[in-house]
Amino acid sequence: MNSDIPPLRPDSLPRHIAIIMDGNGRWAKKRSLNRIRGHREGAESVRNIVRACREMGIEVLTLYAFSTENWQRPRPEILALMGLLKSFLRSELGEMMENGIRLNAIGQIERFPDDVLTVLREVMDQTRKNPGMILNLALSYGGRDEIVTAARRIAAEVQAGRLQSEEITEGVFSKYLYTEGMPEPDLLIRTSGEMRISNFLLWQIAYTEICVTDTLWPDFRRDELIQILHDYEKRERRFGVTGDQIKKTPRRGLTE
Ligand code: IPE
Ligand code: IPE
Ligand code: MG
């Protein structure tokens, strides 16, 4: 860590950081390499950022690793991403256990090939009781899919008579999302400059602070994350009320 960066204030750290890890292909293209080399280098950034977040005491780190739309990419690229995911899970299990990290996956994971799913389920199972940071991987994830899936599950509950339609509040609805029980993201980072959400956490980011950096994901490491967290510290999150109100009664989320 650079010694000229002042320490972060623990009370203003985000509880939940979500990252759209974008730019692997462009990183490779700039070096006249195959896109897959970009994904491989991107996996190194994942290791670096997971470690940094865990050391800082972040509660949840959600990483957008594969979207529902990414299934339309060329098959060799999809297969390479699956292979990388599998080897990442295998190589990181030891460190997750040592550091109390719990792995969770959000998205249509059943669409993954059996070999990948087996490793994923094994790592989730083995880390299930770890008390530390939740590493939440968004895999075959789409925000619209998540909302539709929640709506279907709620409809089934209503149909079975276990839930009244008047009882469906925002709080109840959010319990049917993949992120059930997790705090909403305080900070969303997107690398490689694109000013879009690309179907990520559509419901959960209602009041999330957004930071877009031009850095390509394989070049994104701890020092830049710390710079972003310093910038986040200075932001005034108002949740729709006035600046004076928020100073008198600070809050940490939309529902707090
Ligand atoms: C992000 O990098 C990784 C995934 C979406 C799986 P990209 O592969 O989208 O890289 P660019 O956007 O083409 O540079
Ligand atoms: C978003 O990146 C998805 C992931 C980072 C997994 P994309 O590269 O797929 O997004 P678009 O297509 O540029 O919006
Ligand atoms: Mg991209």
Side-chain angles (χ1 to χ4, degrees), residues 13-24 42 45-46 49-50 52-54 56 58-73 81 85 101-112 120 124 133-154 168-213 215 217 220 225 228-229 231-232 235 237-240 251-256:
L13 272 180
R15 292 178 68 189
H16 182 171
I17 300 176
I19 308 182
I20 302 176
M21 310 184 288
D22 197 17
N24 294 352
S45 296
V46 173
I49 295 303
V50 169
C53 286
R54 201 266 309 157
M56 284 187 286
I58 302 299
E59 282 175 49
V60 186
L61 172 65
T62 299
L63 299 176
Y64 202 6
F66 196 83
S67 72
T68 45
E69 290 70 34
N70 290 152
W71 287 113
Q72 295 160 52
R73 290 195 178 195
L81 284 166
L85 172 63
I101 295 176
R102 173 150 68 92
L103 185 83
N104 186 61
I106 57 171
Q108 312 161 332
I109 56 165
E110 62 290 343
R111 286 182 74 178
F112 279 78
L120 182 62
M124 285 198 290
M133 183 176 88
I134 298 175
L135 173 58
N136 198 29
L137 294 184
L139 296 170
S140 188
Y141 173 87
R144 287 190 171 186
D145 161 67
E146 181 180 32
I147 292 169
V148 168
T149 304
R152 279 209 197 108
R153 289 178 55 205
I154 292 170
I168 308 168
T169 59
E170 291 183 13
V172 167
F173 196 94
S174 64
K175 287 196 174 63
Y176 289 84
L177 296 170
Y178 294 132
T179 50
E180 191 225 330
M182 296 178 199
E184 285 170 9
D186 301 294
L187 174 64
L188 170 68
I189 300 169
R190 181 170 187 143
T191 57
S192 73
E194 240 74 69
M195 298 284 184
R196 56 176 174 258
I197 297 298
S198 304
N199 203 11
F200 192 39
L201 301 176
L202 298 179
W203 170 282
Q204 296 87 341
I205 59 170
Y207 267 99
T208 299
E209 295 295 320
I210 298 176
C211 169
V212 176
T213 169
T215 306
W217 175 251
F220 188 85
L225 174 65
I228 289 173
L229 291 174
D231 170 72
Y232 172 82
R235 297 196 190 187
R237 302 186 68 190
R238 288 193 290 272
F239 303 100
R251 55 183 86 179
R252 292 211 60 162
L254 193 55
T255 49
E256 279 173 51

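Numbering of residues begins at 1 and proceeds along the displayed sequence. Atoms considered below: every heavy atom in the structure, side chains included; atoms not considered: hydrogens, waters and symmetry mates.
In this structure, CG in L103 is found 10.0 Å from CD1 in I134, a value given to the nearest 0.5 Å. Between atom CD1 of residue I197 and atom CD1 of residue I205 there is a gap of 4.0 Å, rounded to the nearest 0.5 Å. The distance from the CD1 atom of I19 to the OG1 atom of T191 is 8.0 Å, given to the nearest 0.5 Å. For the atom pair I49 CD1 and I189 CD1, the distance stands at 7.5 Å (nearest 0.5 Å). Between the CG atom of L135 and the CZ atom of R102 there is a distance of 11.0 Å, given to the nearest 0.5 Å. Taking CE of M56 as the start and CG of L225 as the end, the distance is 4.0 Å to the nearest 0.5 Å.
For the salt bridge (charged side-chain N to carboxylate O under 4.0 Å, His left out) condition, the pairs that include at least one residue of residues 186-200, sequence neighbours left out, are D22-R190, R26-E194, D186-R237, E194-R196. Residue pairs that meet the salt bridge (charged side-chain N to carboxylate O under 4.0 Å, His left out) test with at least one member in residues 60-73, sequence neighbours left out, are R73-E77.
Contact between I154 and F173 at its shortest, heavy atoms only, is CD1-CD1, 3.5 Å. Taking all atoms of both residues into account, the shortest heavy-atom contact from A138 to F200 is CB-CE1, 4.0 Å. Between I58 and P14, the closest heavy-atom pair is CD1-O, 3.4 Å. When every heavy atom of R111 is checked against every heavy atom of S140, the shortest pair comes out as CD-OG, 3.8 Å.
Residue Y64 is tested with N199, L201, N136 for a side-chain contact (heavy atoms from CB on, under 4.5 Å); the sole match is N199.
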Where do N104 and M182 land on the side-chain contact (heavy atoms from CB on, under 4.5 Å) test, with the steps shown first? CA-CA 11 Å; N104 186 61; M182 296 178 199; 3.2 Å; yes

Which is it for F220 and I228 under the side-chain contact (heavy atoms from CB on, under 4.5 Å) test, yes or no, and what are the steps along the way? CA-CA 11 Å; F220 188 85; I228 289 173; 3.7 Å; yes

Between H16 and Q204, is the side-chain contact (heavy atoms from CB on, under 4.5 Å) condition met? List the steps. CA-CA 11 Å; H16 182 171; Q204 296 87 341; over 6 Å; no

Determine whether L85 and F66 satisfy the following criterion, side-chain contact (heavy atoms from CB on, under 4.5 Å), listing intermediate values before the conclusion. CA-CA 10 Å; L85 172 63; F66 196 83; over 6 Å; no

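For the salt bridge (Lys or Arg N to Asp or Glu O under 4.0 Å) test, residues two or more places apart in sequence or in another chain that qualify with R235 are E209, D231. Checked against side-chain contact (heavy atoms from CB on, under 4.5 Å), A105 has the following partners two or more places apart in sequence or in another chain: I109, L120, M124, L139. For S174, there are no side-chain hydrogen bond (donor to acceptor under 3.5 Å, both in side chains) partners, not counting sequence neighbours. Take V148 and apply the side-chain contact (heavy atoms from CB on, under 4.5 Å) test, not counting sequence neighbours, and it matches R152.
You'll find the side chain of L229 reaches within 4.5 Å of the side chain of L187, heavy atoms only. At a threshold of 4.5 Å between non-hydrogen side-chain atoms, the residues R251 and F239 count as touching. Side-chain atoms of C53 and I17, non-hydrogen and from C-beta on, do get closer than 4.5 Å to each other. Contact of the M133 side chain with the V50 side chain is registered, since non-hydrogen atoms from C-beta on lie closer than 4.5 Å. A heavy-atom distance below 4.5 Å is not found between the side chains of T179 and W203.
A donor and an acceptor atom, one from each side chain of Y178 and D145, are located under 3.5 Å apart.
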